[in-house]
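Atom set for the values below is all heavy atoms of this structure, side chains included, hydrogens, waters and symmetry mates excluded. Keep in mind that this is a model prediction, so the values were computed, not measured.
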Amino acid sequence: MVLEKEYQVYRNVCPRNCFCTCSMLSYVRHGRLEKVAGDPLHGFTRGRLCAKGYAYVQRVYAPERVVFPLRQEPRGSGNWRRISWTEALDIIARKILEIKGRYGSLWPIALYVHYGHLGLLHLAVEGFFDALGFITKIQGNLCWSAGLEANLLDMGSNLQPDPETMAKARSIIIWGANPAWTALHQMHFIDVARRLGALVVVIDPLITATAAQADLHIQVNPGGDGALALGVAKYLVERGWYEEDFAKKYILGWEEFRSYLQNELKYTDIYRVAGVDQARIEELAKILVEHRPVALWKGMGLQRYTNGGQNIRAINALAALAGCLGFSGGGLYYASLQTWDLFNFHARNWSPPPGVKGEHRYLPITRAGEGLLAAQEPPVKFLWIARANPLSQAPDPAALQQAMSNMELVVLVDQFLTSTSQYADLFLPCTTQFEEWEIIPSYWHWWVAINQQAISPVGESKSDLEIAWNLSARLNELSPGSCNFPTGGDEEEWVAAEFNPYVYQLLGIKDYRELLQGPRKLKMPERGGEPSFATPSRKYELFSAKARQAGLPALPVLASPLSPPPPYPFRLLTPHLQGGNNSQFLNLPWLMSGSREPVLRVHPAIADKLSLKSGDLVRVYNDRGELVLSVLVTQRVPPQVVVCYQGGTGGKINRLLGGVETDLGKEGAGAPAPAYFETFVNIARI
Amino acid sequence: MAKKYGMVIDLKRCIGCHTCAIACKLENNVPMGLFWNRVLTRGGPGLDIPEGSYPYLKREYLPVACQHCENAPCVKVCPVGATYKDPDGRVLINYDRCIGCRYCMTACPYNARVFNWQEPLRIPGHSYGSQGVPDRKRGVVEKCSFCQQLVDAGGEPFCVTCCPARARKFGDLNDPESEVSRLLRERPAERLLEDRGTRPQVYYLR
């Protein structure tokens, strides 16, 4: 990079909930962030960011960014006024102590956190509340739970190969993912493989930007992914085109599964559920056999159904038969916590003050609103929300809004006024990654970079960690010994405390400060040699006793998604938007310039039938609610599906969600996730 | 031999991520409401619309900024010599000379130029991007300079550096050893609106 001498250059990491976890260089002059660039020393992102990444300069200094603590009186009025940190922390600390005294328990204190920031130091929020005592926790994850659990059932772990090695595959099957929008930097490794002759297959109900680049796009029915996988597995077994030695030696339930495929499963059912014909099944089967090694990437879209876990299990089964589990090139991808688990979680792991006994009360995230409203003895009176915008992103926002209205105090930590802030009493402004120290692992690639503080906090913003320190200090002033969380410290030291000798060994360094010279790649243990699985049987479990215990089929058998009920004939899909990350970034004019979001994408055949043209307004409704959206007529969506990208409606679209959950998720993330894509609506022209 | 800077954009690689559009805005301190560099979708009236009818659909993106034409109509019509062809083959603007007549905008067949109708508004409020990008005031036309501030210091345009798809290459078209010259020898390339005779120095590979 030229012109470096005119700036102070710092290393930062994008902390968003995204596959890429990009390494950034920030250029600072006069104490201001003037430019960001990708870090060329990062081997996965290789000196590049995405459009959102380059828009950070706008995000940090956006006039809408809240940089002072605010209090809203009354809640929901929009009547916010600036208060001091002293006042804000005093209100919170006194309320916590008052509730504790009134109920003799901390269960009336509830914590709602999600993954708006992936940094390990931001887990200080959890650490703080654990250091306070036993509270009510909203448990689970809104996204990947079914897939994680399906992988655990089948293979006992969520390990995956180094995504950079996807470049060496001879075929790449991208199943229900849209990396051109949501995992941008993986596209380079896919492109390298392709230029070396690999075939790229995209399986998706929508014609995505990734599908547009593919050699073959299979337009599967929404949620029919598992059916397609089983169809291909059946075809492979019938032809004898599978890894018999592997199956016999390493697969539990192989005979049962083979018998199921050959004797019970009918192609006619596969065609109906998957929406594909025999030719497509054969084409995919041949690619799996003829273009090895195969990299098979299961996206998160196909597990957002009531049969989501079964979809993943069926694809895993296909991968096991076809020999692409990843022991000999290629491999099976989803997401992984293997690099995550290496760190100390110093900020998160704190215990209550000595002598405090009990356990947390857990409410599943899919029904957080209902759960908070129904909680009794004692009821929930205080809610702390951090790294999350649930009134935009969670299912059943109406119930959550009502629950928030019933609270005595709602505290929100964020950078912008959001859908959720409308029902908060206190808004605590937090820093961006440029204003704090952090360490942010990736759930995809194997690189670790350090995030150093590049600029002073904007306004009076504080990091989640500093807020936790300050609040602990105030609590301990008012009631000595009430909170075991440290009352102060040095952020950089807390970064250091996340490292241990094993991480250092894998990174090939002796001190975290070496990362200031550039990101390092973890040398993860080789997965070559004898296949091994962390399942109870130590084999790949096509037959899973655990699944049966959970009330599901032991084998990955055909499972259909829900069918539209007659009054609501269209399936509403709400995938991720290119210009945003969930509800983040959608407020930035640089990124939203020219965007017509939110719009409802409708197939031309449906538009003709309803006499709709692009730009017309329609009522989108079901028995749960309605909203008005502008129509965009496009062939990118199939006829039975309408699409509105998530995040852009401020949560209005989530009011239509069906209230159903994924089949798996409890083992994966503490609770099943919402089956977001099992939502059915009707549309009517206004 | 004098340089002739040019760019080659591989449309087979472009995935329509708009990274170049935003990175350009950042690097060149481009104010609100204006873009020097945009990514269009070919074949349809909107960014979301593929060409053709199912299943014969095609989606292709077209990044467009100043084409740095060899026979640049904007240079010819500028009444004050503010827009000029520099010795390295770039079309540049002397912003102090520009009188805001916008003849150049009318002359440009690529819609690559934008005009400051109002006092430039920036969010953030301070200037951003690299040092050395000239100031532009209300009433002047502005556009892509192939990131002159970076190229003259030995770098490359920021859109080339940032492209996640590695679709953009930059170099001296007069140098037969340059990557752009090599690509143009090896692969069929086209230029936008060739019939206008503008002879753009931005080439597209398909």
Side-chain angles (χ1 to χ4, degrees), chain A residues 1-3 6-7 27 29-30 32-38 40 45-58 60-63 180-181 184-185 187-188 191 207 209-213 217 219 578-579 588-591 593-596 599 601 603-604 614 632-636 638, chain B residues 12-27 29-30 32-35 38-39 41 44-55 57-61 122-132 147 149-156 158 161-167:
Chain A
M1 182 56 60
V2 288
L3 305 178
E6 308 196 19
Y7 303 87
Y27 292 73
R29 220 165 52 108
H30 312 312
R32 286 186 318 208
L33 178 67
E34 294 199 346
K35 179 175 165 176
V36 293
T45 56
R46 303 191 183 190
R48 292 153 175 92
L49 306 173
C50 70
K52 296 169 283 246
Y54 291 105
Y56 266 120
V57 175
Q58 183 167 56
V60 170
Y61 299 105
W181 279 20
L184 188 54
H185 300 291
M187 291 301 280
H188 168 65
D191 189 52
I207 301 165
T210 312
Q213 299 286 316
H217 172 218
Q219 201 168 25
Q578 182 178 33
L588 297 186
W590 281 11
L591 292 168
S593 168
S595 157
R596 285 173 288 183
V599 295
R601 286 158 181 78
H603 189 271
S614 289
L632 178 67
V633 180
T634 171
Q635 304 212 37
R636 282 187 54 208
Chain B
K12 274 203 164 63
R13 289 192 177 191
C14 177
I15 52 176
C17 66
H18 297 261
T19 303
C20 55
I22 303 298
C24 165
K25 203 167 164 76
L26 171 68
E27 169 64 21
N29 199 22
V30 180
M32 296 294 289
L34 308 182
F35 279 94
R38 298 159 293 148
V39 182
T41 302
L47 291 179
D48 238 14
I49 314 289
E51 190 178 356
S53 64
Y54 189 80
L57 291 171
K58 200 167 85 174
R59 238 179 134 185
E60 194 178 78
Y61 306 95
R122 289 189 173 82
I123 303 175
H126 58 264
S127 288
Y128 38 82
S130 284
Q131 291 302 296
C147 284
Q149 69 282 2
L150 298 178
V151 171
D152 287 355
E156 60 184 7
F158 203 46
T161 307
C162 78
C163 177
R166 283 74 168 166

Check: Between OG of A/Ser593 and NZ of B/Lys25, what distance do you get to the nearest 0.5 Å?
Finding: 6.5 Å

Check: Can you tell me how far OG1 of B/Thr161 sits from CZ of A/Arg48, rounded to the nearest 0.5 angstrom?
Finding: 7.5 Å

Next item on the list: Indicate the atoms forming the closest heavy-atom contact of B/Gly129 with A/Tyr7, along with that distance.
Entry: O-OH, 3.2 Å

Item checked: Sub-6.0 Å ring centroid separation between B/Tyr128 and A/Tyr61 -> no

Margin query: Restricting to non-hydrogen atoms, name the atom on B/Cys17 and the atom on A/Gln578 that form the minimum distance, rounded to 0.1 Å.
Written below: CA-NE2, 3.2 Å

Item checked: A/Val36, part contacting chain B, at a heavy-atom distance under 4.5 Å -> both

Note to self: Working to the nearest 0.5 angstrom, can you tell me the gap between A/Arg32 CZ and B/His126 NE2?
What the structure shows: 5.0 Å

Item checked: Non-hydrogen side-chain atoms of B/Cys24 and A/Tyr54 separated by less than 4.5 Å -> no

Margin query: At a 4.5 Å cut-off on heavy atoms, which part of B/Cys163 comes close to chain A: side chain, backbone, both, or neither?
Written below: backbone

Item checked: From B/Gln131 atom CD to A/Glu34 atom CD, the distance as rounded to the nearest 0.5 Å -> 5.5 Å

Notebook entry, point to check: For B/Phe158 and A/Ala37, which heavy atoms make the closest approach, and how far apart are they?
Noted result: CZ-CB, 4.1 Å

Item checked: Contacting moiety of B/Cys14, where chain A heavy atoms sit under 4.5 Å -> backbone

Notebook entry, point to check: Given the options A/Gly53, A/Cys50, A/Gly47, A/Gly579, which has more heavy-atom pairs under 4.5 Å with chain B than any of the others?
Noted result: A/Cys50

Check: Is chain B contacted by the side chain of A/Leu33, its backbone, both, or neither, given a heavy-atom distance below 4.5 Å?
Finding: backbone

Item checked: Exercise: identify the closest heavy-atom pair between B/Met32 and A/Pro589 -> CE-CB, 3.3 Å

Next item on the list: Mind listing the closest non-hydrogen atom pair of A/Gln213 and B/Arg13 along with its distance?
Entry: OE1-O, 4.5 Å

Notebook entry, point to check: Are any non-hydrogen side-chain atoms of A/Leu49 and B/Cys162 less than 4.5 angstrom apart?
Noted result: no

Item checked: B/Ile123 side chain near A/Pro63 side chain, heavy-atom distance below 4.5 Å -> yes

Check: Would you call A/His188 and B/Pro164 a side-chain contact if the rule is heavy atoms closer than 4.5 Å?
Finding: no

